[in-house]
Amino acid sequence: MTLTSFTTADRIYATGLRNQWHPVVPSRFVAPGAMRKVTALGEQWLLFRRSDGALSMLADRCPHRGAPLSLGRHLGDRVACWYHGVEVGADGTVTSVPGLPGCNLEGKKLVTSLPVREVGGAILAWFGDEEHPEPAELTLPDPLTDPAADAFLCYAEWDVPWRYAVENLLDPMHGAFLHHESHTMFAGDTTAKFRIRETDRGYFFEKTDQRGVNFDWVELCRTGVDWVDLSIPYPPSAGPGGPFGIVGMVCPVDEHRSGVFFWRYRRVEDWQRDSWRFLYKTLIEKRHWEVLEQDRVMLEAMPADADQRENLYQHDLGVVRLRRLYRAEAEAQSSA
Amino acid sequence: MTDTWPYLDVHQSRTHEPTPYEYKLAATLEEVFTHEGHELTDVVRGLNARKVHTADGAPWTEESFRAEMNRLGA
């Protein structure tokens with residue numbers, strides 16, 4: 001299992017909260033009939049997709065001697081460990097022990113199998129602990145289910161602890177400085193006052209004196225999966241449809257690495273939708289990428305003890321709140 | 001599909017490298033949106049005034065522009 005009684009609050013805080021959904025990798029990373037090794041929440045996993053598209057996620061560990069199943073062979077509806085040929089089905093049940101037919105491992109569900117969903121081109125998995133193997137309800141981000149919104153997923157892998165990647169999103173003020181030379185965040189004041197506004201699914205962290213000019217607000221949403229929603233104005237060159245939004249999620253890969261998921265969405269339909277998509281693919285995606293790279297360069301350069309030696313001010317209330325929330329949950333999960 | 005860390009791919013939405021025609025059309029479309037407006041009539045007029053025509057050289061109509069955006073943007 002992903003969480004044992006030996007797991008400390010520090011370990012959970014470092015490698016990701018349990019008992020919730022997290023994004024893992026884009027769906028396209030696992031083709032039909034293929035499998036892929038991934039790391040998430042500090043553990044090794046195997047994504048396994050049948051040729052009909054059905055996906056499963058197994059602990060990457062043969063129940064026999066612990067060899068990685070990801071080095072084995074895809075047999076259509078099961079995987080065969082390379083070491084001794086032990087076969088494991090998509091739900092984690094040992095289907096065959098070729099070296100000793102009738103062995104008592106056969107028929108037993110000995111490999112952890114996580115519930116998975118595919119959403120907006122990403123694989124989400126439920127990382128429950130031993131006491132919570134069954135997934136909790138998952139409410140999907142509304143911009144990804146709204147038929148009037150259209151989204152592109154951008155996925156990237158950063159050498160950054162997962163919390164730094166989330167904190168960056170709960171820190172809108174960096175937009176006016178780090179991204180000042182970008183195509184979308186050049187405008188607006190470089191000073192601001194912020195407030196926290198509670199919602200029934202999380203909280204807004206927003207400027208009190210400016211909206212619709214830069215990266216002026218963000219909402220943290222905890223709906224079974226943690227995600228943020230935010231909105232950034234487009235220049236007139238992007239055509240009709242107003243600002244673009246971002247739904248952001250972070251996969252805690254391990255204590256030092258993250259997978260970041262950004263769905264850039266816009267509420268556009270008909271020819272306006274088509275022209276935005278055309279411009280996005282041809283010209284805008286590259287500009288968005290350059291902005292994202294600014295975040296990566298800054299966050300990857302942060303010292304490991306960055307959050308231990310800080311002098312915070314009013315703009316950091318959103319981050320402080322986030323840490324308190326996550327820390328409390330890590331403590332609760334470690335003593336549960 | 002590479003599985004080496006890190007995955008950092010600028011272009012994740014494209015199915016092909018845009019052709020010179022597509023680049024020209026996109027750049028001109030941005031210019032038109034900036035200077036002419038966001039209505040369909042503005043766009044068709046702006047593209048034709050700049051003599052950036054359809055792939056077969058014809059001036060744009062609202063219908064042909066819609067169809068081409070649908071082909072290129074879908």
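Scope of the values below: all heavy atoms of this structure, side chains included, with no hydrogens, waters or symmetry mates. Chain letters run A, B, ... following the sequence lines, proteins first, then strands; residues in each count from 1.
Proximity to chain B (any heavy atom under 4.5 Å) is shown, for A/E290, by neither the backbone nor the side chain. Looking at B/V43, the atoms closer than 4.5 Å to chain A (heavy atoms on both sides) all sit in the side chain, from C-beta outward. A/R287 touches chain B through its side chain: at least one heavy atom from C-beta onward sits under 4.5 Å away, while N, CA, C and O do not. Residue A/D150: no heavy atom, backbone or side chain, is found under 4.5 Å from chain B. If you measure heavy-atom distances from A/V38 to chain B, you find no contacts under 4.5 Å at all. Of the two parts of A/A34, neither the backbone nor the side chain holds a non-hydrogen atom closer than 4.5 Å to a non-hydrogen atom of chain B. Heavy atoms of B/A74 lying under 4.5 Å from chain A belong exclusively to its backbone. Interface residue A/L153: only backbone heavy atoms are found under 4.5 Å from chain B.
Atom CZ of A/R117 sits in a sparse spot, with 12 or fewer heavy atoms from other residues, nucleotides or ligands closer than 6.0 Å. By the 6.0 Å contact criterion, CZ on A/R61 is open, its count of non-hydrogen atoms from other residues, nucleotides or ligands being 12 or less. Applying the 6.0 Å contact sphere to CZ of A/R73 captures no more than 12 heavy atoms from other residues, nucleotides or ligands.
With a 4.5 Å cut-off on side-chain heavy atoms, A/T39 and B/W5 do not count as touching. Between B/F33 and A/P240, some side-chain heavy-atom pair lies under the 4.5 Å cut-off. For the pair B/L8 and A/E293, the minimum side-chain heavy-atom distance is below 4.5 Å. Proximity of B/P6 to A/W158: side-chain heavy atoms (C-beta onward) are nowhere separated by under 4.5 Å. The shortest distance between side-chain heavy atoms of B/P18 and A/K281 does not fall below 4.5 Å.
With chain B as the partner, the residue from A/S275, A/G259, A/P235, A/A156 showing the most heavy-atom pairs under 4.5 Å is A/S275.
Atom NE2 of residue B/H11 and atom CD of residue A/E285 lie 6.0 Å apart, to the nearest 0.5 angstrom. Atom CD of residue A/Q272 and atom CG of residue B/L40 lie 8.5 Å apart, to the nearest 0.5 angstrom. Rounded to the nearest 0.5 Å, atoms CG (A/L279) and CD (B/E30) are 5.5 Å apart. Rounding to the nearest 0.5 angstrom, the gap separating the CG atom in B/D9 from the CH2 atom in A/W289 is 6.5 Å. Atom CZ of residue A/R273 and atom CG of residue B/N70 lie 7.5 Å apart, to the nearest 0.5 angstrom. Atoms CD and NE2, from B/Q12 and A/H288 in turn, are 12.5 Å apart once rounded to the nearest 0.5 Å.
Considering only residues two or more places apart in sequence or on other chains, B/E22 meets the salt bridge (Lys or Arg N to Asp or Glu O under 4.0 Å) condition with none of them.
Formation of a donor-acceptor pair under 3.5 Å by the B/H38 side chain with backbone atoms of A/P236 is found in this model.
Between B/Y7 and A/R28, the shortest heavy-atom distance links the atoms OH-NH2, 3.0 Å.
Contacts between residues 56-69 of chain B and chain A, counted as heavy-atom pairs separated by less than 4.5 Å, involve B/F65, B/R66, B/M69.
Comment: A/K286 does not engage B/E17 in a salt bridge, judged by the lack of any side-chain N to carboxylate O separation of less than 4.0 angstrom.
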